[in-house]
J.: 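Okay, handing you the structure first.
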Amino acid sequence: MDKQVFDLIIVGAGTAGCLLANRLSANTNLKIALIEAGGNDNYHWIHIPVGYLYCMGNKKTDWLFKTTNQKGLNGKALNYPRGKVLGGCSSINGMIYMRGQSKDFDHWRQLGNHGWGWDDVLPYFIRSEDNFSGKDNFHGVGGEWRVDKQRLAWTVLDDFMEAANQTGIPKIDDFNNGNNFGVSYFKVNQKNGFRLNTVRAFLKPIKHRKNLKVFTNCEVSNLIIENNRVSGVKIIQNQIENKILCNKEVVLSAGAIGSPKILELSGIGNPKILNDIGIKIKVENKNVGENLQDHLQLRVIYKLKNAKTLNQQINSPFGKLKIGIEYLLNRSGPMSMAPSQLGIFAMSDSSYEFPNLQFHVQPLSLDKFGEPLHNFPGLTASVCNLNPLSRGSIHISSKNYNIPPKIDPNYLSDPIDKKVAVQSIKLARKIINQPAMKKYSPTEYAPGEKFQSDIDLEKVAGNIGTTIFHPVGTCAMGVQKNSVTNPKLKVNGIENLRVVDASVMPSITSGNTNSPTLMIAEKASEMILNDV
């Protein structure tokens with residue numbers, strides 16, 4: 001085998017990996033390899049915001065994972081998009097800039113993860129930020145990660161905002177100052193009407209650096225472990241197996257699915273699981289691949305009258321032409337849309353001090369992603385439980401790296417999650433029935449007004465539930481010996497190995513997880529440079 005030697009190897013050029021490559025390669029004394037299983041981000045739909053519709057479920061950009069059949073979703077399995085391309089999920093996600101809430105990170109610190117409280121992590125959010133609204137105590141300017149206003153408006157969403165306000169939810173300007181209670185339009189990671197993925201933000205500006213080598217279409221099959229230390233990785237590129245060796249550290253940034261998969265393929269995990277498929281244990285840790293958390297969205301859909309929504313525009317040849325021309329001329333309109341435009345953070349009942357629900361409100365409706373929009377004016381009030389108690393797992397089922405892992409989010413397995421699901425649907429109904437929405441004569445298309453009792457709503461929640469693509473927690477950090485990683489994100493029980501991605505979150509953040517993952521990478525880059 002050919003051998004190449006680097007100081008640091010980063011596995012995964014996604015959200016975390018691209019930022020790590022930028023920060024670590026700034027030290028010219030370090031020779032760094034960045035390895036991506038997917039290809040370059042030159043597919044045009046990556047960069048046009050509405051192109052997420054054509055990137056999810058597309059083998060050019062998506063791993064094409066599926067979950068197991070979910071009992072809590074009445075037996076259905078879900079498609080589980082994950083970015084397989086430079087930029088990872090930042091190349092196919094919803095572009096929403098969301099940090100979470102202060103209590104999320106304070107909870108991490110309360111679990112013993114010192115240095116990860118809200119006051120600790122806020123500077124790392126700010127460091128990479130370039131916020132359109134300027135600099136203040138919560139936001140930064142001049143960083144690589146542009147935060148911008150959306151470039152479109154919908155009267156029906158303005159009215160839904162007013163309806164939320166009529167229920168007692170305040171109108172606010174910013175979801176990212178520590179407590180998200182309120183209703184507002186989401187801010188997005190876009191620049192001049194184009195998606196800003198982590199390739200454009202962090203990789204392309206440093207492509208001249210000679211101490212960074214980027215490998216694409218190159219999959220890591222397993223870690224090379226010698227004398228209880230990681231000395232490199234085995235890769236497959238163009239169907240040829242090679243080794244890449246490191247002098248200092250391997251950093252797994254392959255995501256909440258990829259990182260535990262590589263650990264298990266390398267013999268780091270639960271002996272019962274690995275022995276059963278013929279993998280010799282090198283480091284025993286029963287928590288690898290456990291603690292999977294995700295945000296389940298309940299898609300409450302309304303049929304409207306006298307409303308302008310995307311449904312009519314998309315279903316009209318003239319409407320499509322108008323959409324295309326508007327984007328071509330101004331980089332605005334529906335082609336500049338993030339998947340969700342209006343956000344609401346609220347409490348499902350009075351026992352919560354911070355919001356435990358997030359609405360993604362859209363001026364469109366469809367039966368499921370990948371299918372045509374409805375031929376009537378539609379609005380979707382998609383609502384998710386921000387702090388689910390249900391826990392799932394991700395585990396390999398074969399020692400063949402080509403076989404996808406078994407993904408079991410275990411949605412709605414906790415009784416409290418079922419209760420919150422019922423409350424979520426009721427709150428959506430309360431908002432739609434406010435005076436501001438009366439002029440649209442809304443009727444509930446899904447789940448349907450015939451479902452009224454808590455028992456019925458609990459059952460039907462499984463029918464309208466689907467992932468909002470936020471898996472975290474499968475290599476969770478902690479201070480216990482059996483935690484997968486410690487607060488410095490080093491893998492317990494072995495040397496020269498860290499995990500830096502959403503899998504290290506001990507509990508899920510209150511909202512979209514892309515920018516919290518960037519924050520983790522920002523903080524980790526500092527820790528790595530201090531250690532090496």
Side-chain angles (χ1 to χ4, degrees), residues 41-62 64 79 81 85 91-96 148-161 185-186 188-197 297 299-342 360-382 432 437 439-446 448 464 466 469:
D41 69 327
N42 51 12
Y43 182 47
H44 68 283
W45 281 120
I46 289 174
H47 305 289
I48 298 171
V50 79
Y52 72 91
L53 290 170
Y54 307 102
C55 291
M56 293 182 181
N58 184 337
K59 66 181 180 180
K60 288 182 179 180
T61 49
D62 186 359
L64 303 179
N79 293 329
V85 64
S91 292
I92 70 171
N93 71 359
M95 297 162 282
I96 292 172
D148 220 337
K149 290 193 296 187
Q150 296 186 64
R151 302 164 71 97
L152 74 168
W154 294 89
T155 300
V156 69
L157 294 185
D158 293 338
D159 290 330
F160 199 84
M161 178 188 291
Y185 281 95
F186 290 122
V188 291
N189 294 119
Q190 293 181 8
K191 196 168 186 178
N192 300 322
F194 292 102
R195 171 192 292 275
L196 183 69
N197 66 354
Q297 62 173 334
R299 298 182 62 250
V300 184
I301 298 173
Y302 291 95
K303 184 176 181 178
L304 308 178
K305 294 180 180 178
N306 307 313
K308 178 184 176 182
T309 72
L310 188 61
N311 290 14
Q312 301 102 293
Q313 289 182 271
I314 287 294
N315 289 316
S316 157
F318 177 74
K320 286 182 180 178
L321 179 63
K322 184 179 177 183
I323 288 171
I325 291 172
E326 183 176 2
Y327 187 74
L328 185 65
L329 295 178
N330 302 316
R331 297 287 180 266
S332 61
M335 286 187 72
S336 73
M337 279 173 60
S340 301
Q341 297 78 53
L342 184 69
H360 292 77
V361 190
Q362 306 147 345
L364 57 87
S365 63
L366 67 169
D367 287 331
K368 65 179 181 179
F369 294 109
E371 294 193 358
L373 300 187
H374 293 138
N375 60 5
F376 53 77
L379 180 140
T380 301
S382 174
I432 201 73
M437 294 300 292
K439 61 185 174 184
Y440 299 116
S441 303
T443 57
E444 189 172 289
Y445 178 86
I464 62 172
T466 187
F469 322 123

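We use all heavy atoms of the structure for the numbers below, so side chains are in, but hydrogens, waters and symmetry mates are not.
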J.: Indicate whether any N or O donor in one side chain lies under 3.5 Å from an N or O acceptor in the other, for N330 and R151.
T.: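 Side chains of N330 and R151: no pair found under 3.5 Å.
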J.: Side chains of E444 and Y302: any donor to acceptor distance under 3.5 Å?
T.: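 Y302 vs E444: donor-acceptor pair found between side chains.
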J.: Could you tell me which non-hydrogen atom of A338 sits nearest to which non-hydrogen atom of V188, and how far apart they are?
T.: CB-CG1, 3.9 Å
J.: Determine, stepwise, if the pair Y185 / K149 fulfils side chain to side chain contact (heavy atoms under 4.5 Å, CB included).
T.: CA-CA 8 Å; Y185 281 95; K149 290 193 296 187; over 6 Å; no
J.: Using modelled atom types only, decide if a donor and an acceptor are shared between the side chain of D62 and the backbone of G57 within a distance under 3.5 Å.
T.: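 Side chain of D62 to backbone of G57: a pair is present.
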J.: Show your reasoning for whether side chain to side chain contact (heavy atoms under 4.5 Å, CB included) applies to F186 and Q341.
T.: CA-CA 6 Å; F186 290 122; Q341 297 78 53; 5.8 Å; no
J.: From S441 OG over to K305 NZ, what is the distance, rounded to the nearest 0.5 angstrom?
T.: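 Interatomic distance, S441 OG to K305 NZ, rounded to 0.5 Å: 5.5 Å.
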J.: Angle class for the Y445/H374 ring planes (parallel below 30°, perpendicular above 60°, tilted otherwise)?
T.: tilted
J.: Might you point out which heavy atoms bring R299 and S382 nearest each other, and give the distance in Å?
T.: CG-OG, 4.1 Å
J.: How long is the gap from OG on S332 to CE on M337, to the nearest 0.5 Å?
T.: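 If we round to the nearest 0.5 Å, S332:OG and M337:CE are 12.5 Å apart.
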J.: Using a distance-only test with no angle check, is there a side-chain donor-acceptor pair under 3.5 angstrom linking D159 and Y440?
T.: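 Note: D159 and Y440 side chains meet the donor-acceptor criterion.
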J.: Quick one: does K368's side chain get under 4.5 Å of T466's, heavy atoms only?
T.: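 In short, these two side chains do not touch, never coming nearer than 4.5 Å.
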J.: In Å, rounded to the nearest 0.5 Å, how long is the span from CG of N192 to OG of S336?
T.: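 These two atoms lie 12.0 Å from each other.
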J.: Rounded to the nearest 0.5 Å, what's the gap from CD on Q150 to CE on M95? Could you check?
T.: 8.5 Å
J.: Where is the tightest heavy-atom contact between V85 and T61, given as atom of each residue plus distance?
T.: CG1-O, 4.1 Å
J.: Pairs under 3.5 angstrom only: tabulate donor-acceptor contacts from the side chains of residues 44-51 to other protein residues two or more places apart or in another chain.
T.:
residue : atom : partner : partner atom : Å
H47     : NE2  : D41     : O            : 2.6

J.: Within the 4.5 Å heavy-atom criterion, are P377 and K303 side-chain neighbours or not?
T.: no
J.: Give me the atom names and distance for the closest heavy-atom approach of I464 to A446.
T.: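 The answer is CG2-CB, 4.3 Å.
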J.: How close do V156 and P363 get, heavy atom to heavy atom, and via which atoms?
T.: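 Nearest heavy atoms, V156 then P363: CG1-CB, 4.0 Å.
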J.: Does any non-hydrogen side-chain atom of I325 lie less than 4.5 Å from one of L328?
T.: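 The answer is no, as the side chains (C-beta and beyond) never meet within the 4.5 Å cut-off.
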J.: Less than 4.5 Å apart, side chain to side chain, heavy atoms only: is that true for K308 and Q313?
T.: yes
J.: Are L310 and Q362 packed together at the side-chain level, in the sense that at least one heavy-atom pair is separated by less than 4.5 angstrom?
T.: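 No. Closest side-chain heavy atoms not under 4.5 Å.
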J.: Taking the side chain as everything from C-beta on, heavy atoms only, tell me whether I323 gets closer than 4.5 Å to M335.
T.: yes
J.: So which atom in I92 and which in P81 form the shortest heavy-atom distance, rounded to 0.1 Å?
T.: CD1-CB, 4.4 Å
J.: With a 4.5 Å cut-off on side-chain heavy atoms, are Q312 and N375 touching?
T.: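 A side-chain contact is absent here, since even the closest heavy-atom pair is not under 4.5 Å.
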J.: From the options T309, N311, T380, select the one residue that forms a side chain to side chain donor-acceptor pair (under 3.5 Å) with S365.
T.: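 So the option named by the test is N311.
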J.: Rounded at 0.5 Å granularity, tell me how far CG in N189 sits from CG in D148.
T.: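 The distance works out to 9.5 Å.
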J.: Any side-chain heavy-atom pair from L342 and D158 closer than 4.5 angstrom?
T.: no
J.: Give, for atom CD1 of I314 and atom CG of L364, the distance between the pair rounded to the nearest 0.5 Å.
T.: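 Rounded to the nearest 0.5 Å, the CD1-CG separation comes out at 9.0 Å.
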